[in-house]
Participant: 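There's a structure below that I have some questions on.
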Amino acid sequence: MDHGEGGSELERFDPDIFAAVDGELKREREVINLVASENYASRAVLEAQGSVLTNKYAEGYPGRRYYPGCGPADDAEAIAIARAVELFGCGHANVQPHAGAQANMIAYMAALKPGETILAMDLRCGGHLTHGSAANYSGMFYRAVHYGVDRETEMLDYDRVADIARREKPRIIVAGASAYPRAIDFEAFRRIADSVGAMLMVDMAHFGGLVVGGVHPDPVPVSDFVTGTTHKTMRGPRGGFVLCREEHADHVDAAAFPGTQGGPLMHVIAAKAVCFKEAMAPGFRSYQHRIAENAKALCGKMAEEGFRIVSGGTETHLFLVDLRPQGTSGREAQAVLESVGICANMNEIPYDETPPTVTSGIRIGTPAVTTRGMGPAEMEELGAMISTALKQRDSESALAGVRSRARELADAFPVYPLC
Ligand code: DSN
């Protein structure tokens, strides 16, 4: 890592933590990252996030804070809000949520009273913990009911969602997922919500970048609330945001502060502003198209290699592979792939009968490899490499061959070359 003339203060003062940070940089450079929710933030984002804005308490909102000296913090947050509103074309944006989970908590608090009903995607079918899982606040404070995917097609069945909505009469319907490879029809969700007098919330934490890039349908025009993260396909700092119609603005702001959070992370908010500026730059749109093109190429190669792809394909940045025909689990596949320098996380497939710590599938995503500059040719090769590693997982020589090629590919498509 280049620290300029003075060298690294962190290295001098705390070599153990320096080693962890340096180890992560080395890992990110050397490993092929196919974790669908991860990406590489730019140097400008890292600089804003590692800045002195971390020192500042700024409870409240621009122009109405509970601390003195908030001028620069006000500037950073006002810029972030204005950019989010312009980028997503929404009435109001709150950029204070610390992460996607907090963004969802804020939207629920703005929309619901405790005990009211949420209708959202089942965790086992690709939903998120914050979509009403019993283990999460969303399932504890609200009455959560779920829709899943069709057992045959493994895709959303909007008629079935409508039936459940008519039966359960939710106050809010949540669309969006963490592990669903298909485009979501938000207009269909809006019609269902209207038919039962419910509000519509969309969690686009995963596919927000694809929405900006015009690759995925845009939920903003038809939703009451849209939540998102800035670190996945958006490629910014780790953090969340809530978008809403103007009429919900005060409720959303009050739900963020003082409702659920204290001091906003001003350094992260500054980095979110940088992320939004990057997302407005011309290259971002084509980046998002390349992510989806790469997902299709990698998914297609794995299908050609004989793997069963959940729902038969992908229209997003990710896809799911059912590993049962290969006689392996998601956990074993994750470990085998990691041993050859390829990261992809174990994931439940729809109606999975194994525990979430084992799973029958892996989730594969292309945002990070696309940031590195890889294209369809590399995806084809990666598909073949993953196939070899999983099918010949007991052959150390086969694994060694994949490991060596993975490292060559990582070196040929460097990340953070100037760090
Ligand atoms: N943990 C994130 C993911 O990997 O999808 C969701 O919060």
Side-chain angles (χ1 to χ4, degrees), residues 24 27-28 31-41 97-108 118 120-139 144 146 149 174-184 201-211 216 226-242 260 268 272 275 291-292 295 310-311 314-321 330-331 333-334 337-338 342-350 352 355-371:
E24 174 60 13
R27 190 195 70 81
E28 289 187 18
V31 161
I32 305 284
N33 187 5
L34 295 170
V35 175
S37 49
E38 293 180 358
N39 213 327
Y40 307 110
H98 299 327
Q102 282 70 36
N104 286 349
M105 183 187 277
I106 289 161
Y108 293 145
I118 305 173
M121 186 121 166
D122 194 331
L123 182 61
R124 288 187 315 156
C125 289
H128 189 250
L129 275 170
T130 56
H131 295 174
S133 160
N136 182 263
Y137 73 88
S138 55
H146 291 107
V149 292
V174 183
S178 287
Y180 182 65
R182 297 291 176 165
I184 299 174
M201 166 177 157
V202 173
D203 178 347
M204 63 170 189
H206 261 265
F207 51 83
L210 299 178
V211 168
H216 191 283
V226 175
T227 59
T229 58
T230 42
H231 50 280
K232 297 182 176 103
T233 46
M234 287 295 294
R235 200 166 56 179
R238 186 161 295 270
F241 58 84
V242 180
T260 54
V268 182
K272 288 175 189 174
C275 157
I291 289 177
V310 169
S311 87
T314 175
E315 295 159 343
T316 67
H317 61 302
L318 65 81
F319 61 95
L320 293 168
V321 184
R331 182 160 72 182
Q334 177 180 297
L337 292 177
E338 188 172 7
I342 297 173
C343 279
N345 67 286
M346 61 177 160
N347 211 102
E348 288 181 300
I349 58 170
D352 208 325
T357 48
V358 179
T359 81
S360 300
I362 44 169
R363 186 182 66 166
I364 294 183
T366 52
V369 286
T370 308
T371 294

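Index from 1, following the sequence. Whatever order the structure lists them in is the order used to number ligands and atoms, beginning at 1.
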Participant: Picking from T316, I291, I184, what satisfies side-chain contact (heavy atoms from CB on, under 4.5 Å) with F207?
Facilitator: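 For F207, the side-chain contact (heavy atoms from CB on, under 4.5 Å) test succeeds with only one of T316, I291, I184, which is I184.
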Participant: Would you please name every residue forming a salt bridge (Lys or Arg N to Asp or Glu O under 4.0 Å) with E38, sequence neighbours left out?
Facilitator: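 Result, salt bridge (Lys or Arg N to Asp or Glu O under 4.0 Å) vs E38: none returned.
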Participant: Are K272 and F241 packed together at the side-chain level, in the sense that at least one heavy-atom pair is separated by less than 4.5 angstrom?
Facilitator: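 Sidechains of F241 and K272: no contact.
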Participant: Is there a donor in the side chain of S37 and an acceptor in the side chain of R363, or the other way round, less than 3.5 Å apart?
Facilitator: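 Yes, because at least one side-chain N or O of S37 sits under 3.5 Å from a partner of the opposite role on R363.
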Participant: The criterion is side chain to side chain contact (heavy atoms under 4.5 Å, CB included); which residues satisfy it with D122, sequence neighbours excluded?
Facilitator: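 Checked D122 against side chain to side chain contact (heavy atoms under 4.5 Å, CB included); matches are R124, C125, H146.
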Participant: Extract all N/O-N/O pairs under 3.5 Å that connect ligand 1 to the protein, and present each with both atom names and the distance rounded to 0.1 Å.
Facilitator:
residue, atom, partner, partner atom, Å
ligand 1, 4 (O), S37, OG, 2.7
ligand 1, 4 (O), R363, NH2, 2.8
ligand 1, 5 (O), H206, NE2, 2.7
ligand 1, 5 (O), R363, NH1, 2.9
ligand 1, 5 (O), R363, NH2, 3.4
ligand 1, 7 (O), H128, NE2, 2.8

Participant: Does H131 have any side chain to side chain donor-acceptor pair (under 3.5 Å) partners at least two apart in sequence or in another chain, and if so, which?
Facilitator: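 Side chain to side chain donor-acceptor pair (under 3.5 Å) list for H131, sorted by chain: D203.
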